[in-house]
Amino acid sequence: QVQLVESGGGLVQAGGSLRLSCAASGRTFTNDVMGWFRQAPGKEREFVAAIRWSSGSTYYVLYADSVKGRFTISRDNAKNAVYLQMNSLKPEDTAVYYCAARPLDVITTTPSQYNYWGQGTQVTVSS
């Protein structure tokens with residue numbers, strides 16, 4: 001059974017940092033695109049970042065404009081895990097953050113094109 005489990009969310013003041021983790025199990029995700037999305041109350045789920053492994057230590061990454069320069073996505077294929085380092089957090093970053101996997105090698109920002117999802121972890125940034 002495929003599972004994605006997020007952790008690391010919490011309450012932080014504006015300007016602070018959090019590191020989200022996503023542990024994947026049930027199969028190998030090495031060749032999948034792994035992504036992070038978020039959903040604030042009353043809003044649609046939106047793309048945050050995604051990463052694809054190419055070969056060796058080469059990865060391709062894509063970020064939403066709203067987080068570029070503040071967030072960093074990374075992955076550890078040996079651990080079947082993906083991470084999201086979030087720095088300089090703003091109140092508008094408050095949302096439930098979801099990990100997702102897409103078993104194809106093309107990065108996409110569309111939620112419906114990801115096959116597997118975690119349950120989400122709450123991130124709240126106070127002003």
Side-chain angles (χ1 to χ4, degrees):
Q1 180 181 359
V2 173
Q3 271 194 316
L4 301 179
V5 180
E6 303 96 336
S7 61
L11 173 63
V12 64
Q13 288 189 331
S17 299
L18 283 174
R19 185 178 189 241
L20 304 184
S21 299
C22 173
S25 62
R27 65 175 185 82
T28 300
F29 289 81
T30 302
N31 296 314
D32 288 32
V33 171
M34 302 296 294
W36 287 97
F37 290 78
R38 66 187 182 186
Q39 189 166 18
K43 295 189 176 181
E44 293 187 352
R45 192 166 298 190
E46 66 172 2
F47 172 78
V48 175
I51 185 168
R52 175 175 79 82
W53 176 66
S54 175
S55 63
S57 59
T58 301
Y59 297 86
Y60 296 104
V61 298
L62 181 67
Y63 295 97
D65 288 343
S66 58
V67 307
K68 203 172 294 183
R70 299 187 299 121
F71 291 10
T72 303
I73 189 171
S74 61
R75 65 189 294 168
D76 185 335
N77 287 334
K79 296 182 178 179
N80 242 12
V82 63
Y83 309 98
L84 186 68
Q85 177 66 42
M86 305 186 296
N87 298 329
S88 302
L89 283 161
K90 305 175 181 180
E92 51 263 45
D93 294 318
T94 295
V96 177
Y97 283 71
Y98 297 91
C99 174
R102 168 179 160 83
L104 291 170
D105 62 358
V106 176
I107 292 179
T108 175
T109 63
T110 306
S112 63
Q113 295 181 352
Y114 287 75
N115 298 67
Y116 306 106
W117 291 86
Q119 82 290 347
T121 186
Q122 177 69 47
V123 171
T124 302
V125 184
S126 63
S127 58

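FYI, the numbering just counts along the sequence from 1.
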S.K.: Which heavy atom of K68 sits nearest to which heavy atom of D65, and what is that distance?
M.R.: NZ-OD1, 3.1 Å
S.K.: Pairs in or reaching into residues 80-90: which pass side chain to side chain donor-acceptor pair (under 3.5 Å), with residues at least two apart or in two chains?
M.R.: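 Output for this query lists S17-N87, Q85-N87.
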S.K.: Would you mind reporting whether R27 and D32 have side-chain heavy atoms less than 4.5 Å apart?
M.R.: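 Sidechains of R27 and D32: in contact.
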S.K.: Out of curiosity, does V123 fall in the hydrophobic cluster containing V82 (side-chain heavy atoms, cut-off under 4.5 Å, transitive links)?
M.R.: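 Yes; V123 is reachable from V82 via cluster members.
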S.K.: Do you know which two heavy atoms are closest between P91 and A14, and how far apart they sit?
M.R.: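 Nearest pair, atom of P91 first, then A14: CD-CB, 4.1 Å.
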S.K.: Do you reckon L20 sits in the same ILVMFWY cluster as F37, going by side-chain contacts under 4.5 Å, direct or chained?
M.R.: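 As far as the 4.5 Å side-chain criterion goes, F37 and L20 are not connected within one cluster.
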S.K.: Test your reading of the model: is there a side-chain donor-acceptor pair from E6 to the backbone of Q119, 3.5 Å cut-off?
M.R.: yes
S.K.: Could you grab the distance from atom OG1 of T124 to atom CG of D93, nearest 0.5 Å is fine?
M.R.: 11.0 Å
S.K.: CG of L89 to CD of Q13: how many Å apart, nearest 0.5 Å?
M.R.: 11.5 Å
S.K.: Going only through I, L, V, M, F, W and Y residues with side-chain contacts under 4.5 Å, is there a path from V48 to L18?
M.R.: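 Yes.
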S.K.: Can you hop from L84 to V61 via hydrophobic side chains spaced under 4.5 Å?
M.R.: yes
S.K.: Nearest 0.5 Å please: distance from the OH atom of Y114 over to the CG atom of L104.
M.R.: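 Here the interatomic distance stands at 10.5 Å.
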S.K.: Start with the C-alpha gap between C99 and W36, add the side-chain angles, then the distance that decides, and say whether side chain to side chain contact (heavy atoms under 4.5 Å, CB included) holds.
M.R.: CA-CA 5 Å; C99 174; W36 287 97; 4.0 Å; yes
S.K.: Can you tell me how far OG of S66 sits from CZ of F71, rounded to the nearest 0.5 angstrom?
M.R.: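 Reported to 0.5 Å precision, the distance equals 7.5 Å.
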S.K.: Using the rule that two of Ile, Leu, Val, Met, Phe, Trp, Tyr join whenever any of their side-chain heavy atoms come within less than 4.5 Å, decide whether M86 and M34 are in one cluster.
M.R.: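 Hydrophobic grouping puts M86 with M34.
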S.K.: So, Y63 side chain and I73 main chain: donor-acceptor pair closer than 3.5 Å or not?
M.R.: yes
S.K.: Do N77 and R75 come close enough that some side-chain heavy atom pair is under 4.5 Å?
M.R.: yes
S.K.: Which side chain to side chain donor-acceptor pair (under 3.5 Å) pairs, counting each pair once, include a residue from residues 49-59, with sequence neighbours left out?
M.R.: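 Matches after skipping sequence neighbours: none remain.
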S.K.: Knowing that exactly one of T108, L62, T110 qualifies, which makes a side chain to side chain contact (heavy atoms under 4.5 Å, CB included) with F47?
M.R.: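 Among the candidates, only L62 passes.
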S.K.: Over all heavy atoms of both residues, which pair between A50 and V33 is shortest? Give the atoms and the distance, please.
M.R.: CB-CG1, 4.0 Å
S.K.: Just verifying a value: how many Å separate I51 CD1 and I107 CD1, rounded to the nearest 0.5 Å?
M.R.: 8.0 Å
S.K.: Any chance you could measure T94, atom OG1, to Q122, atom CD, to the nearest 0.5 Å?
M.R.: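 It is 7.5 Å, given to the nearest 0.5 Å.
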S.K.: Going by atom types only, do R38 and Y97 share a side-chain donor-acceptor pair under 3.5 Å?
M.R.: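 Checked: R38/Y97 side chains pair up, N/O donor to acceptor below 3.5 Å.
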